[in-house]
Amino acid sequence: MTDTGATPAGCRSLDEAVRIADEALFPAAPEVDGADRVPGSHFDLLAEKGFYGFAAPDDLTALDFPSYEAACRAVESLAGGCLATTLVWMQHHGAVSALAKTGNHELREARLKPLAEGRLRSGVAVTAAVRPGTPMLRAEPVDGGWVFDGSAPWVSGWGMVDTLYTAARDADDVLVMALLDAEEGESVSAGPPARLVAAQASRTVTVRFSRHFVPRERVAQTVPLEAYRKNDPESVRFNGNLALGVAGRAIALMGDDGGALSARLGAARRTLLHAAPEDVPAARAAVSQFAVSAAAALAVHVGGRSLLADAHAQRLTREATFLLAFGSRPAVRAALLRGLGAQERSAGGAETA
C-alpha cells in the first residue's frame with residue numbers, strides 16, 4: 001500500500017504486516033467480501049508469521065514492534081488489506097492479554113502458549129457484560145465455579161475460533177472473565193450469522209448461555225466493572241486503527257489524487273495516538289468520520305466503476321460505514337453526531353439536539 005505517513009523505521013514485523021496486507025489480504029478482499037467466512041489460509045498465514053502473539057509476553061512472541069505506534073500501524077495495515085480478517089484476528093488478543101496477566105497459573109500454562117502461537121484461536125464476548133444498565137449476560141456463583149446465563153451479541157469468528165474469552169456480570173457488578181469452548185452444546189447455542197453491511201465473512205453471531213456452568217479452573221480473572229471501565233479508552237483508541245486502515249487504503253487507491261488526504265490521514269493518526277484518555281472518544285470519532293470521507297472520495301475518483309459489486313470503492317465505503325458503529329460508545333456516538341452536523345454545541349459547551 002502506498003505510504004500515507006511516516007512509518008516507524010527498522011521494524012521487521014511492521015514490514016511483514018504490510019506485505020501480508022498487500023500481497024495476500026487485499027487481492028482476496030473482494031472474494032472474501034462475498035464469502036460466508038474468512039479463508040482459514042489467512043489466519044494460518046498470520047499464525048505462521050507470529051501475529052497471534054501480538055499481545056503475548058516477550059518470551060512468547062517473536063514480533064519486534066519497538067513501540068505502541070508501530071503495533072498500531074501494523075493493525076492499520078492489515079485492516080487496509082481485509083477488514084473481515086483483521087476484525088476476527090483482533091478479537092483473539094483479549095484472551096492472550098488476559099492469560100498473560102492471570103493469577104490462574106494452571107489456565108495460563110495450559111492455554112497461553114497455544115494461543116500465542118495461533119494453534120488455539122480465540123474470539124471475545126465481553127460487551128454483553130460491560131454495557132451500561134442491566135447486563136445481558138449474568139454470572140451467579142455456585143459450588144465449584146459460576147453459572148453464566150443470558151446472551152452475548154456481536155461475537156465474531158464463530159466457527160473459526162476454538163475458544164471464547166467471555167465476561168458475565170454478577171449481582172455486585174463484578175465481571176467474571178472466563179475462557180470457554182467456542183462450541184454449541186446443551187447450555188450454549190449460537191444464532192445464525194448477522195447480515196452485516198460489511199465484514200460479513202467475520203461470522204458475527206449472538207451466543208446464548210442457558211445456565212451454563214463455568215468451572216473455577218476456566219476463570220482468568222474477576223474484576224469490578226468500574227475498574228474495567230477505567231481501561232476502556234485504550235480499547236476505544238486501539239479499535240480506531242481499523243478506520244485508519246480503511247482510510248489509508250482508499251487514499252492509496254487514489255494515487256497522486258489522494259495527496260491532500262494523505263496529510264489529513266497522518267494528522268488523524270497522530271491525534272488518535274496521542275489523545276489524553278478524556279479526548280479519545282472525540283479522536284476516535286474523527287478517524288471514523290475521516291474514513292467515510294476518504295472512501296467517498298475514492299468512489300468519486302473512480303466514477304461509475306465504483307458502483308460495480310466487485311469494486312474496491314464500494315466495499316471500502318461500506319466498511320467505513322460499518323466502522324462508524326463498530327465498538328462505539330455513547331461519547332463516541334455523540335462526537336460523531338456533532339461532527340456530522342446532527343448535534344450542535346451551545347455557547348456553554350452543552351450538547352443540544
For F26 and G80, the nearest pair of non-hydrogen atoms, with its separation, is CD1-O, 4.0 Å
query = So, E319 and R315, do they make that salt bridge, N to O below 4.0 Å?
reply = yes
Of all heavy-atom pairs linking A116 and L60, the shortest is CB-O, 3.8 Å
Q.
Between R208 (side chain only) and A190 (backbone N and O only), is there a donor and an acceptor less than 3.5 Å apart?
A. no
Interatomic distance, CE@M160 vs CD@Q91, rounded to 0.5 Å, equals 10.5 Å
Inset, instruction - Taking N104 for its side chain and V219 for its backbone only, find out whether a donor-acceptor pair lies under 3.5 Å. - result: yes
Next on the checklist: Let's go through T204 and S156 carefully: what are the C-alpha distance in whole Å and the side-chain angles of both, what is the deciding distance for side chain to side chain donor-acceptor pair (under 3.5 Å) to 0.1 Å, and is it a yes or a no?
Outcome noted: CA-CA 4 Å; T204 297; S156 296; 2.8 Å; yes
Practice item. Tell me, yes or no, whether the heavy-atom count around D59 atom CG, taken from other residues, nucleotides or ligands under 6.0 Å, exceeds 12. Key: yes
Under 3.5 Å, side chain of S306 to main-chain N/O of V302, donor-acceptor pair present?
-> no
Exercise. Taking side chain as C-beta onward, heavy atoms only, is V38 less than 4.5 Å from S202?
Worked result: no
Donor-acceptor check, side chain of T102 to backbone of A220, threshold 3.5 angstrom: yes or no?
yes
Between D232 and the options R237, R131, R284, R329, the salt bridge (Lys or Arg N to Asp or Glu O under 4.0 Å) test singles out R329
Query raised in the report: So, the side chain of R269 versus the backbone of E69: is there a donor-acceptor pair under 3.5 Å, distance only?
Result: no
> Do the charged groups of R211 and E140 touch, with an N to O distance under 4.0 Å?
Replying inline: yes
Ring pair (Phe, Tyr, Trp, His ring centres under 6.0 Å) pairs touching residues 91-132, sequence neighbours excluded, are Y52-H92, F54-H93, W89-H93
Apart from M136 itself, members of its ILVMFWY cluster (side-chain separation under 4.5 Å) are none
Q: Answer yes or no: is there a donor N or O on one side and an acceptor on the other, between the side chain of S13 and the main chain of D64, under 3.5 Å?
A: yes
>> Counting only heavy atoms not in R12 (residues, nucleotides, ligands), do more than 12 fall under 6.0 Å from its CZ?
In response: yes
| task | Identify whether the distance between the nearest side-chain nitrogen and carboxylate oxygen of R169 and D173 falls below 4.0 Å. | result | yes
Report yes or no: do S210 and S187 form a side-chain donor-acceptor pair below 3.5 Å?
no
For L298 and A313 the tightest heavy-atom approach is CD2-CA, 3.8 Å
Should we count CD of E234 as having more than 12 external heavy atoms under 6.0 Å?
yes
So, are R218 and D181 salt-bridged, with charged N and O less than 4.0 Å apart? yes
- [ ] State whether the number of non-hydrogen atoms from other residues, nucleotides or ligands found under 6.0 Å of D256 atom CG is greater than 12.
- [x] no
Checklist entry - So, the side chain of T86 versus the backbone of A79: is there a donor-acceptor pair under 3.5 Å, distance only? => result yes
Got a donor-acceptor contact below 3.5 angstrom from the Q200 side chain to the A194 backbone? yes
Heavy-atom count check: over 12 atoms from other residues, nucleotides or ligands less than 6.0 Å from R333 CZ?
no
Review point. Using 4.0 Å as the upper bound for N to carboxylate O, is an ion pair formed by R119 and D162?
Key: no
Review point. When you look at CD of E278, are more than 12 heavy atoms from neighbouring residues, nucleotides or ligands closer to it than 6.0 Å?
Key: yes
Check your understanding: Would a hydrophobic clustering, with Ile, Leu, Val, Met, Phe, Trp and Tyr connected at side-chain separations under 4.5 Å, put V292 with I251?
Key -> no
Does any non-hydrogen side-chain atom of T85 lie less than 4.5 Å from one of L78? no
